[in-house]
Amino acid sequence: MALQLFNTLTRKKEPFVPIEPGKVRFYVCGVTVYDYSHLGHGRTYVVWDTIRRYLRYRGYEVTYVQNFTDIDDKILKRAEETGSSMGAVANTFIEAYLEDMEQLNILPADKYPRATQSLPAIERLIGELEIKGFAYPSDGDVYYRVRRFKDYGKLSGRRIEDLEAGASERVSEAEQARKEDPLDFALWKGAKPGEPHWDSAWGPGRPGWHIECSAMVRATLGETIDIHAGGEDLKFPHHENEIAQSEAITGKPLARYWLHNAFLNIVNSTSGEEEKMSKSLGNFRTLRDLYRVHSPIALRLFILQTHYRNPIAFSPEAIAAAENAWKEMAKVFSLNELIHQLDKEPEGDLSEEHVATFVKAMDDDFNTPQALAVLFDLSKKLITGRNIVVHGGNLDDSAAFACQWRTFKRLAAVLGLEPRMVSLSANVNARSGAAGDLSITSEAAALLESGALTGVPAVEIEEIERIIGLREQARQERNWGEADRLRQQLLDQGIILIDHKDKPTTWRRTES
Ligand SMILES: Nc1ncnc2c1ncn2[C@@H]1O[C@H](COP(=O)(O)OP(=O)(O)OP(=O)(O)O)[C@@H](O)[C@H]1O
Ligand SMILES: [Zn+2]
């Protein structure tokens, strides 16, 4: 059966048919860069990274674009509070975002357009809307005439009549006076004194949030794309407005499939109710804080244990359980030695039965919890086998064991569940706003895998860190003999330890 996905637009599961056979044009709304990312953001981007990886696994050539909203009131506020500029705040948090997401094994996007780098495209779009009668200037601002777009509300299922009631309450009197209709939204905001601004046909100012994405989608992927995705709060008004803007101009659907993920929630200690993890509610855990205590990949596993359209409740217990599950799973990655010992091929056939179950789960609107069940089943079998060998026994069928191991590794990689690698990513490209170069990461990954780059296969890095931890423990217990033994053990494998006065021990390979 073909891949089925739930389309918010039609409110049902549909077979996935890309516009161009074999290719997927995929746009995900990115973060507004004014603070560190929290686990809720982590959830959103792990979900889309996993779906992107799965589409690649299914043989599609995926072009994945994710923007940075780097013009926004919140960034401006942060700049004012810290005596900085909007550009400097944005750059700081773009960098932090890329670092944090890399830890979650999220692949770099093919392109990271930014609002500040898309102003000509934004201006052109507003100009076209004006010519077509969908936009009107008013006192330095430009607004979108919502009522003129007949399909308004088709994505979120909201009716104009219902929107009317709430619309006038949300905006200031001054803004209200500039609009023809309370339903209209800003495409361009005239500059206020002292604020950063760009020149335009309507005077100096800055773009509204919704028009940024319409312009960036068009500039990077074209008029109609295959998948447009984001967190469920973006359905309305953001995605509804993107549709109104883009489709009013092109007369074509902006995206064939609209996908939305549910939130990561946290229980409010006062009300006992679950609520969205969010900056404004002050109930968030930044990824960086969590990384101090948890393996990022355990957090990724935690996220994937729930279907992307179901909410996740954050709790320390649930994260600890995922951490344990990952520790268990991670053991399987260090079995390559054993596979060699058994004289089995690291490359070769996969277990068809497991692959089929995995694909069936993922084809059903990306059912990651079911797909994970396949990995848990394989890892249980593999660890049982390993224990037999470790205790001097023989495996009944070592060829089947090796096949299970290969299958595990291949399928785990589709979900991005891999022990963390040395940081060698293509983030530099993202920082300059240019296309992130995927080949660097995959090349680096291949090199790491072969051991050519560090002399240490990626899968062994966790093992090295584990031994460093044991040595540290021995040192603290003043068990110098044991500490020496562990240091020598690593040296025999070509790993030199470097002790520092004020930071944890680091390591490098002997050749360098
Ligand atoms: N708790 C959450 N769970 C899942 N996704 C989230 C969560 N919070 C934000 N997101 C998603 O992250 C993406 C980036 O959002 P954005 O930068 O606008 O943050 P935000 O929604 O303003 O976050 P916050 O509410 O913390 O200020 C969006 O797709 C949004 O839906
Ligand atoms: Zn967007």
Side-chain angles (χ1 to χ4, degrees), residues 8 26-51 65-75 77-78 89-90 93-94 96-97 100-101 104 106 109 111-115 118 121-122 125 155-156 185 207-221 225 227-246 254-255 258-268 274-287 290 299 302-304 306-314:
T8 307
F26 195 162
Y27 184 92
V28 175
C29 290
V31 279
T32 305
V33 277
Y34 69 101
D35 211 336
Y36 292 109
S37 301
H38 55 64
L39 188 60
H41 301 126
R43 176 182 199 186
T44 285
Y45 298 106
V46 161
V47 160
W48 305 119
D49 177 68
T50 305
I51 290 177
V65 178
Q66 187 180 310
N67 72 298
F68 285 115
T69 296
D70 62 351
I71 306 178
D72 187 86
D73 283 336
K74 291 180 202 158
I75 310 174
K77 187 162 164 264
R78 180 89 186 212
V89 170
F93 292 111
I94 286 175
Y97 171 88
D100 292 346
M101 297 299 156
L104 289 171
I106 289 174
K111 283 186 189 146
Y112 289 105
R114 300 185 193 181
S118 312
I122 293 171
L125 213 58
L155 180 72
S156 59
F185 60 88
W209 172 35
H210 316 303
I211 197 74
E212 293 174 6
C213 277
S214 279
M216 290 189 268
V217 172
R218 194 188 197 190
T220 55
L221 291 170
I225 65 171
I227 300 177
H228 195 129
E232 66 183 4
D233 54 337
L234 300 189
K235 274 184 217 169
F236 184 86
H238 185 55
H239 288 163
E240 198 70 73
N241 290 354
E242 276 190 50
I243 289 177
Q245 296 161 155
S246 300
L254 171 57
W258 287 86
L259 270 51
H260 293 97
N261 63 285
F263 289 144
L264 176 99
N265 294 322
I266 185 160
V267 175
N268 180 311
E274 273 186 26
E275 58 190 18
K276 177 192 178 197
M277 181 175 281
S278 146
K279 300 260 175 51
S280 47
L281 295 172
N283 59 4
F284 60 94
R285 299 288 165 85
T286 63
L287 288 167
L290 288 166
L299 298 174
F302 168 71
I303 291 164
L304 295 178
T306 303
H307 186 267
Y308 78 96
R309 284 190 292 112
N310 290 336
I312 302 182
F314 173 90

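One-based numbering along the sequence shown. Whatever order the structure lists ligands and atoms in, that order sets their numbers, starting from 1.
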Whether His260 and His239 hold their rings parallel, tilted or perpendicular, with breakpoints at 30° and 60°: tilted
Any donor and acceptor pair, going by atom type alone, linking the side chain of Asp70 with main-chain N or O of Ala115 inside 3.5 Å?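 Yes, Asp70 side chain to Ala115 backbone: donor-acceptor pair under 3.5 Å.
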Quick check for you: with the Zn ion (ligand 2) as the vertex, what angle do SG of Cys29 and OE2 of Glu242 span, to 10°?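 If I round to 10°, I get 90°.
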One line per pair, note the atom names and distance for all nitrogen or oxygen contacts under 3.5 Å between ligand 1 and the protein.
unit_1, atom_1, unit_2, atom_2, d
ligand 1, 1 (N), Leu264, O, 3.0
ligand 1, 1 (N), Met277, N, 3.4
ligand 1, 1 (N), Met277, O, 2.8
ligand 1, 3 (N), Leu264, N, 2.8
ligand 1, 5 (N), Gly40, O, 3.2
ligand 1, 5 (N), Thr44, OG1, 2.7
ligand 1, 17 (O), Thr32, N, 2.9
ligand 1, 19 (O), His41, NE2, 3.2
ligand 1, 21 (O), Lys276, NZ, 3.1
ligand 1, 23 (O), His41, NE2, 3.3
ligand 1, 25 (O), Lys276, NZ, 3.1
ligand 1, 25 (O), Ser278, OG, 3.0
ligand 1, 26 (O), His38, NE2, 2.8
ligand 1, 26 (O), Lys279, N, 2.5
ligand 1, 27 (O), Tyr34, OH, 3.1
ligand 1, 29 (O), Gly231, N, 3.0
ligand 1, 31 (O), Asp233, OD1, 2.5

Would one find an N, O or S atom of Cys213, in either backbone or side chain, under 2.8 Å from the Zn ion (ligand 2)? yes
Is it the case that atom CZ in Arg285 sees more than 12 heavy atoms from other parts of the structure closer than 6.0 Å?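 Open.
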Are side-chain N/O atoms of Asn241 and Trp209 paired as donor and acceptor at under 3.5 Å?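 No.
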Pair Glu212, Asn67: side-chain N/O donor-acceptor within cut-off below 3.5 Å: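 On atom types as modelled, these side chains do not qualify, holding no pair under 3.5 Å.
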With sequence neighbours left out, write down each residue that passes salt bridge (charged side-chain N to carboxylate O under 4.0 Å, His left out) with Asp100, or none if nothing qualifies. Arg288
Given Leu104, Val31, Val46, the one that forms side-chain contact (heavy atoms from CB on, under 4.5 Å) with His41: Val31
